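Remarks on the structure that follows.
Predicted model only: the values in this text are computed from it and were never measured.
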Amino acid sequence: MSRQTFSRRALLAATGAAAASSLLPRRAFPASKAKIRIGLLLPYSGTYAALGNNITDAMKLAAREHDNKLGGREIDWVAVDDESDPAKAPANVNKLVVGEKVDVLTGPVHSGVAMAMMQIVRQEKTLTIVTNAGAQAVTGQLCAPNVFRTSFSNWQTSYPCADVVLKDGRKKAVLMFWNYSFGQESMAAFKEGFTKGGGTIVKEIPVPFPTTEFQANLSEIAALKPDAVFVFFAGAGAAKFVKDYADAGLRDKVPLYGSGFLTEGVLRAQGAAAEGIKTTLHYADSLDTPVNQKFREAFKKATSRDADVYAVAGYDTVHLLASALAKVQGDTGAQKELIAALESARTDSPRGPFRFSKAHNPVQNVYVRQVKGGKEVVLGIAQKDADDPAFGCQMAT
Ligand code: BEZ
């Protein structure tokens, strides 16, 4: 299905949903301190399942730190497995927004799902907090007062990596990526920085999402003999890619770079194959701050798993919501005041300094990390207070 056809269909579905929902009564508040309904549009199956689970569990961890109440209201979590499938996104979003009448929608992981979601939440004016998907348009062309993002934009995680590669003296790069909006935008951002700094892109290798058959492409890379390879893969696909790259004998010949999703949450599975990989991201396990240490310990205790960047976004989402909802005494109907409270909300994030930009995207440090001895070591800050350019964002007031 072409991108254009897809957007038209999503728009039609959204228009239908809007018409239907305007006939439905809105939930009244505050008749009693009714439970606040938080929608989770996340992947619980497929290649991004671990990401969805970490976001969810970190949100619940943060909620427990507020006695499971937001703005004085108990929480009703309403989860839908979005399967990282953009084609199913309009139906899944409608299920949460129109069917379940959630007060706040959170998620998704996949940028294609986020794009379909944006059409609907813009019309329905549902307060939405994007907890992972990095699609530029969310806080760019499609930015909206009721939409915030606690994760990152594609540009933020990929553009700074160009400088890292160039500083390593590597000028000829091959790009390899899952061929959907995140991969495409991530490559464009890297390419912008890399060519500006005098680098050349030798070849771009798109791979359909969520394919993990990389052999033929890795043979091609070996034949091209570039100085560096910059990639986008995440979750289970990233674990497999890094192992395949080493198995193909490329690890010691052509250094691998990427946005940090390449190793995030999958370092243990990648083992020795990941040694030496440099990435850029707004978080690292090893950030040596009391807040990060406390968060990692609490997450591990609650889930028996290690926290990662996905968990950080979930954790911060609930803390920010708690702070904003406290200011409006839990009244989600007071949307203007709630948005203003979120815009000025601050949280002690495990990632370091955090604030929302005018476009509602995080302004945050982007770190250079390298895998050493099975650990993600922070080499320094690639970009301090990185602010996404928010191209095309015209925020309605
Ligand atoms: C995305 O589709 O935006 C995305 C998915 C996984 C990791 C990072 C970004």
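- Side-chain N or O atoms of Gln156 include one that pairs as donor or acceptor with a backbone N or O of Pro362 at under 3.5 Å.
- The ring of Phe233 has its center no closer than 6.0 angstrom to the ring center of Phe177.
- Of all heavy-atom pairs spanning Ala114 and Ala133, the tightest one is CB-CB, 3.6 Å.
- With no hydrogens or angles considered, a side-chain donor-acceptor pair links Arg305 and Asn54 at under 3.5 Å.
- In this model, a donor atom of one side chain and an acceptor atom of the other lie less than 3.5 Å apart for Gln293 and Asp288.
- Thr280 and Tyr257 are not linked by any side-chain donor-acceptor pair at a separation below 3.5 angstrom, with hydrogens and angles left out of the test.
- Aromatic rings of Phe182 and His110 (six-membered ring for Trp) have centroids beyond the 6.0 Å cut-off, not under it.
- Of the candidates Leu281, Leu287, Leu379, Leu287 is the only one forming a side-chain contact (heavy atoms from CB on, under 4.5 Å) with Tyr367.
- Taking 4.0 Å as the cut-off between side-chain N and carboxylate O, Lys372 and Glu275 do not count as a salt-bridged pair.
- Checking side-chain atoms of His319 against main-chain N and O of Thr347 turns up no donor-acceptor pair under 3.5 Å.
- Applying the side-chain hydrogen bond (donor to acceptor under 3.5 Å, both in side chains) rule to Lys69 yields no partners; only residues at least two apart in sequence or on another chain are considered.
- Outside the 6.0 Å centre-distance limit, the rings of Phe232 and Phe230 are not counted as a close aromatic pair.
- Of the inter-residue distances, the one linking Leu250 atom CG with Lys225 atom NZ reads 10.5 Å to the nearest 0.5 angstrom.
- For residues 67-148, every residue pair satisfying the disulfide (SG to SG under 2.5 Å) rule, not counting sequence neighbours, is listed here: Cys143-Cys393.
- A salt bridge does not link Lys301 with Glu297: none of the charged nitrogens is closer than 4.0 Å to a carboxylate oxygen.
- If you take CG on Asn53 and CG on Leu42, they are separated by 9.0 Å, rounding to the nearest 0.5 Å.
- Taken together through direct or relayed side-chain contacts under 4.5 Å among Ile, Leu, Val, Met, Phe, Trp and Tyr, Val309 and Val363 form parts of separate hydrophobic clusters.
- Ion pairing between Asp82 and Lys88 fails under the 4.0 Å rule for side-chain N and carboxylate O.
- Here Asp285 pairs with Arg296 in a salt bridge; the nearest charged N to carboxylate O distance falls below 4.0 Å.
- Checking side-chain atoms of Gln370 against main-chain N and O of Gly276 turns up a donor-acceptor pair under 3.5 Å.
- In this structure Asp388 satisfies the side-chain hydrogen bond (donor to acceptor under 3.5 Å, both in side chains) test together with Gln136, Ser153, sequence neighbours excluded.
- In terms of the salt bridge (Lys or Arg N to Asp or Glu O under 4.0 Å) criterion, residue partners of Lys240 (sequence neighbours excluded) are, by chain and number, Asp244.
- Taking the charged nitrogens against the carboxylate oxygens, Lys278 and Glu376 have no contact shorter than 4.0 Å, which rules out a salt bridge.
- Contacts of Glu220 classified as side-chain hydrogen bond (donor to acceptor under 3.5 Å, both in side chains), with partners at least two apart in sequence or in another chain: Lys203.
- Judged by distance alone, the side chain of Arg122 and the main-chain N or O of Lys125 form no donor-acceptor pair under 3.5 Å.
- Ser158 places no side-chain N or O within 3.5 Å of a backbone atom of Ala189 that could act as its donor or acceptor partner.
- Hydrophobic clustering keeps Ile201 apart from Tyr159 (ILVMFWY residues linked when any side-chain heavy atoms are closer than 4.5 Å, directly or through intermediates).
- With Pro108 as the partner, the side-chain contact (heavy atoms from CB on, under 4.5 Å) test is satisfied by one option alone out of Leu40, Leu51, Val113, Asn92: Val113.
- Salt bridge present: Lys191 and Glu204 bring a charged side-chain N and a carboxylate O closer than 4.0 Å.
- Taking the side-chain hydrogen bond (donor to acceptor under 3.5 Å, both in side chains) definition, one finds that Tyr245 meets it with nothing, sequence neighbours left out.
- In the model, Ser151 has no side-chain atom that pairs as donor or acceptor with a side-chain atom of Asn132 under 3.5 Å.
- Centroid-to-centroid, the aromatic rings of Tyr48 and Tyr310 stay 6.0 Å apart or farther.
- Not a single donor-acceptor pair under 3.5 Å links the side chain of Trp77 to the backbone N or O of Lys60.
- No donor-acceptor distance shorter than 3.5 angstrom exists from the side chain of Arg37 to the backbone of Asp103, with no hydrogens or angles considered.
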